[in-house]
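Each residue takes its place number in the sequence, starting with 1. Because the structure is a prediction, the values reported are computed rather than measured.
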Amino acid sequence: MVQASKQKPVQDKRKQQIDAQAKSHSLEYVIAAAQILTILCLFKGNPAWKGSLSLLFFGVAFELFYKNQQYAEKTYRQVGALFLAAGIAFLAWFGVTR
């Protein structure tokens with residue numbers, strides 16, 4: 001009898017592309033929902049707008065960091081660091097205020 005080899009199945013390129021696109025689309029929907037939440041909180045006078053705005057800055061920062069990895073452009077990292085700092089600042093402001 002011939003034994004089947006115990007190799008791990010290799011993901012094909014199509015599955016990897018679908019996974020990457022699914023993550024990209026889900027991030028876009030989360031960003032859209034955070035924008036709507038931020039606007040609703042602003043109109044209602046709820047201070048949670050600072051926390052949801054920080055999520056938007058984090059999303060932009062992480063997207064720029066990913067582009068920095070792919071393109072090796074220093075500018076993406078620098079601008080991403082600015083957005084990350086703004087996100088941290090809004091989150092800290094949200095955490096210390098009522």
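- Q78 is linked by a side-chain contact (heavy atoms from CB on, under 4.5 Å) to K74, counting only residues two or more places apart in sequence or in another chain.
- Here I39 pairs with F43 under the side-chain contact (heavy atoms from CB on, under 4.5 Å) rule; sequence neighbours left out.
- Residues passing the ring pair (Phe, Tyr, Trp, His ring centres under 6.0 Å) test with Y29: none are found, sequence neighbours excluded.
- S54 pairs by the side-chain hydrogen bond (donor to acceptor under 3.5 Å, both in side chains) definition with nothing, not counting sequence neighbours.
- Listed here is the closest heavy atom pair of N68 and E73: OD1-O, 2.6 Å.
- At distances below 3.5 Å, at least one donor-acceptor pair connects side-chain atoms of S26 with backbone N or O atoms of A22.
- Clustering ILVMFWY residues whenever any of their side-chain heavy atoms sit less than 4.5 angstrom apart, transitively, puts L84 in a cluster other than the one holding V60.
- Classification of K23 and D19 as a salt-bridged pair fails, no side-chain N sitting under 4.0 Å from a carboxylate O.
- T97 pairs by the side-chain hydrogen bond (donor to acceptor under 3.5 Å, both in side chains) definition with K50, not counting sequence neighbours.
- For F83, the ring pair (Phe, Tyr, Trp, His ring centres under 6.0 Å) criterion is met by F57, not counting sequence neighbours.
- I31 pairs by the side-chain contact (heavy atoms from CB on, under 4.5 Å) definition with L27, Q35, L56, not counting sequence neighbours.
- L91 and F58 make their closest contact through CD2-CE1, 4.0 Å (heavy atoms, listed as atom of the first residue, atom of the second, distance).
- Residue pairs meeting the side chain to side chain donor-acceptor pair (under 3.5 Å) criterion with at least one member in residues 36-49, sequence neighbours excluded: T38-S52.
- Taken to the nearest 0.5 Å, the NZ atom of K67 stands 11.0 Å off from the CD atom of Q70.
- Every residue meeting the side-chain contact (heavy atoms from CB on, under 4.5 Å) condition with Q69, not counting sequence neighbours, appears here in chain and number order: Y66.
- Cluster partners of I18, using a side-chain heavy-atom cutoff of under 4.5 Å among ILVMFWY residues and allowing indirect links: none.
- Residues L37 and L53 fall into different hydrophobic clusters, defined by Ile, Leu, Val, Met, Phe, Trp and Tyr side chains chained together at heavy-atom separations under 4.5 Å.
- Sorted by first and then second residue, the side chain to side chain donor-acceptor pair (under 3.5 Å) pairs involving residues 82-95 (not counting sequence neighbours) form an empty list.
- At a threshold of 4.5 Å between side-chain heavy atoms, the hydrophobic network of Ile, Leu, Val, Met, Phe, Trp and Tyr places I88 and V96 in two separate groups.
- F65 pairs by the ring pair (Phe, Tyr, Trp, His ring centres under 6.0 Å) definition with nothing, not counting sequence neighbours.
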